[in-house]
Protein chains: 2
Amino acid sequence: MVGVTAAEHAPGVDAAPARRRGRRPGGADTRGALLNAARAVFAERGFDGATVRLIAERAGVDPAMVNHWFGGKEALFTAALDLPADPATLIAQVVPGDPERLGERIVSRFLTVWDHAGGGRPLAALIRSVASHETAARMVREFVTRVLLRRVVETVAPDRPDLRAALVGSQIVGLGMVRYVLRLEPLASADHPTVIAAVAPTLQRYLTGPLDGTGS
Amino acid sequence: MVGVTAAEHAPGVDAAPARRRGRRPGGADTRGALLNAARAVFAERGFDGATVRLIAERAGVDPAMVNHWFGGKEALFTAALDLPADPATLIAQVVPGDPERLGERIVSRFLTVWDHAGGGRPLAALIRSVASHETAARMVREFVTRVLLRRVVETVAPDRPDLRAALVGSQIVGLGMVRYVLRLEPLASADHPTVIAAVAPTLQRYLTGPLDGTGS
DNA sequence: GTCTATACAACGATAGAC
DNA sequence: GTCTATCGTTGTATAGAC
């Protein structure tokens, strides 16, 4: 083991003043410190470039705290972005089942989560930062590609999985924009079965259908 | 919409203190004044609520100037939003032709215009304001429903034209977000034929296809 | 005494250097 | 191909709160 963090906390080295084990005296908001550090580091280095160890160091705590408080790097990212649910978890729930109905399950779950979670407030915030800062765009882009879409598509994709993933993302993002941010009727108020019937076939074709102009 | 544009700019109505006819002395930036007034009034009252006469009055010029400098209320709106092209004009160019290939023409035109117009800068700005201010959202929403989508869909739509229009909008907006703002690969760099082959069938189904779960 | 927040050590995977 | 550095994650012992 090589590592940096704790390996050389040997006495008398320097820096970290020999954190003692066990629960810290009091008032130490480790969770909050991690969140702040995560926002900063994710913004600076993107999702891949930000390491759990760096975030923990910035927060002045042990890397294992990320797991303890959030469950992992992905969940920490989700929390730092104030998303109503952890997308990675949703994906895991949505993927198993008939691949020919995956599009249906995706739309359905998307609608349920976002309808339930205070309309489009968090979505609008996210979209705003993506449209404002290139760093935010990079952050989200890496997360989406590395964590989300890849997992969905690689389970079913016959060819061009990355393109299929991006297409799925485009329809989902567009649906979110129109329904929750722009609030364009009648899509903004349409019930779930209506939206699912309309949009699920699109996702399904992006996932498993032909991508050239042949069969619609 | 009522008879708005320049029809009734009859002299001596009220308000403005008896402007003389003919070219004004000099230096009067009528175009810029109209733009500023338009941004303010559109933001305050939405697209429908903002009248050409009110905008002109706010700018201290004659309503006919809107037609002279911009060509109409819609084009003024487009200019106020800094869009690279007048969507209403694009629609007019895209609608005629085989209705079964309308989706194809829409994607194609969309790609051409936005690829040509400095990437996603203006699109990001537009999306940012829509996500930030409810007034901006209302403004765009009204414009999109009243002016854009309706015109496309009513030329071909068998049933539920408004829903179809919103669905088309969702895929277009999502494509713009992913390709130009988020820059998600490989969709961000895909050539036009690839994108058209992938997305056009979606738009075509939204336009003229079945909206329930039957034939994909 | 119990519970839990914490620190430390180590594992398997991965990517790049040589 | 081997080696090494670093990653995310897991296991476990301990210190302090309750």
Side-chain angles (χ1 to χ4, degrees), chain A residues 1-96 113 126 129-130 134-157 159-166 169, chain B residues 182-186 188-189:
Chain A
M1 147 89 88
V2 242
V4 149
T5 43
E8 337 179 0
H9 71 308
V13 171
D14 67 335
R19 292 188 296 257
R20 293 198 321 279
R21 282 199 182 181
R23 190 160 178 159
R24 304 248 275 290
D29 183 12
T30 297
R31 206 190 120 96
L34 273 175
L35 267 182
N36 285 335
R39 293 205 178 91
V41 177
F42 277 132
E44 287 169 17
R45 336 245 304 207
F47 181 78
D48 292 336
T51 70
V52 169
R53 295 175 137 99
L54 179 57
I55 294 172
E57 184 190 2
R58 193 79 67 97
V61 303
D62 188 274
M65 293 295 95
V66 168
N67 261 314
H68 184 255
W69 284 106
F70 298 95
K73 184 183 182 179
E74 294 169 9
L76 172 60
F77 184 83
T78 297
L81 256 59
D82 255 332
L83 295 184
D86 178 18
T89 304
L90 298 182
I91 299 247
Q93 297 169 347
V94 133
V95 163
V113 167
L126 178 60
S129 40
V130 166
E134 170 54 28
T135 61
R138 173 173 157 222
M139 198 163 90
V140 172
R141 175 170 56 234
E142 287 177 357
F143 180 73
V144 166
T145 49
R146 294 288 208 150
V147 177
L148 296 189
L149 298 180
R150 173 160 307 216
R151 289 191 192 161
V152 178
V153 173
E154 73 185 1
T155 68
V156 291
D159 64 318
R160 288 190 283 182
D162 292 347
L163 177 60
R164 292 175 184 275
Chain B
L182 196 56
R183 306 200 62 75
L184 197 63
E185 296 296 353
S189 315

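Keep in mind it's a predicted model, so treat the numbers as computed, not measured. Order of the sequence lines fixes the chain letters, A, B, ..., with proteins taken first and strands second; residue numbering starts at 1 for each chain.
- The structure places CG of A:Leu54 at 6.0 Å from CD of A:Glu57, a figure rounded to the nearest 0.5 Å.
- Every residue two or more places apart in sequence or in another chain was checked for a side-chain hydrogen bond (donor to acceptor under 3.5 Å, both in side chains) with A:Thr145, and none qualifies.
- Listed in residue order, the members of residues 37-52 of chain A having a heavy atom less than 4.0 Å from DNA chain C come to none.
- Put simply, CD on A:Glu44 and CD1 on A:Ile55 are 10.0 Å apart, with the number rounded to the nearest 0.5 Å.
- The distance between atom CG of A:Asp62 and atom P of D:dT12, rounded to the nearest whole Å, is 16 Å.
- Note that CD of A:Glu142 is 11.5 Å distant from CZ of A:Arg45, once rounded to the nearest 0.5 Å.
- Within the model, atoms CZ of A:Phe42 and CG of A:Leu76 stand 5.0 Å from one another, a figure rounded to the nearest 0.5 Å.
- Set against C:dC8, D:dG8, C:dT6, the side chain of A:Ala64 has C:dC8 as its closest nucleotide.
- The backbone N or O of B:Leu182 lies less than 3.5 Å from a partner atom in the side chain of A:Arg141, making a donor-acceptor pair.
- Atom-to-atom, CE of A:Met65 to C1' of D:dG8 comes out at 15 Å; the value is rounded to the nearest Å.
- Listed by residue number, the members of residues 66-79 of chain A with any heavy atom below 4.0 angstrom from DNA chain C are A:His68, A:Trp69.
- In this structure, the CD1 atom of A:Ile55 is 17 Å from the P atom of D:dT6, given to the nearest Å.
- Distance A:Arg53 CZ to D:dA5 P: 14 Å, rounded to the nearest Å.
- Counting to the nearest Å, the C1' atom of C:dT4 and the CG atom of A:Asp29 are 16 Å from each other.
- Rounding to whole angstrom units, CZ of residue A:Arg31 and C1' of C:dT4 are separated by 15 Å.
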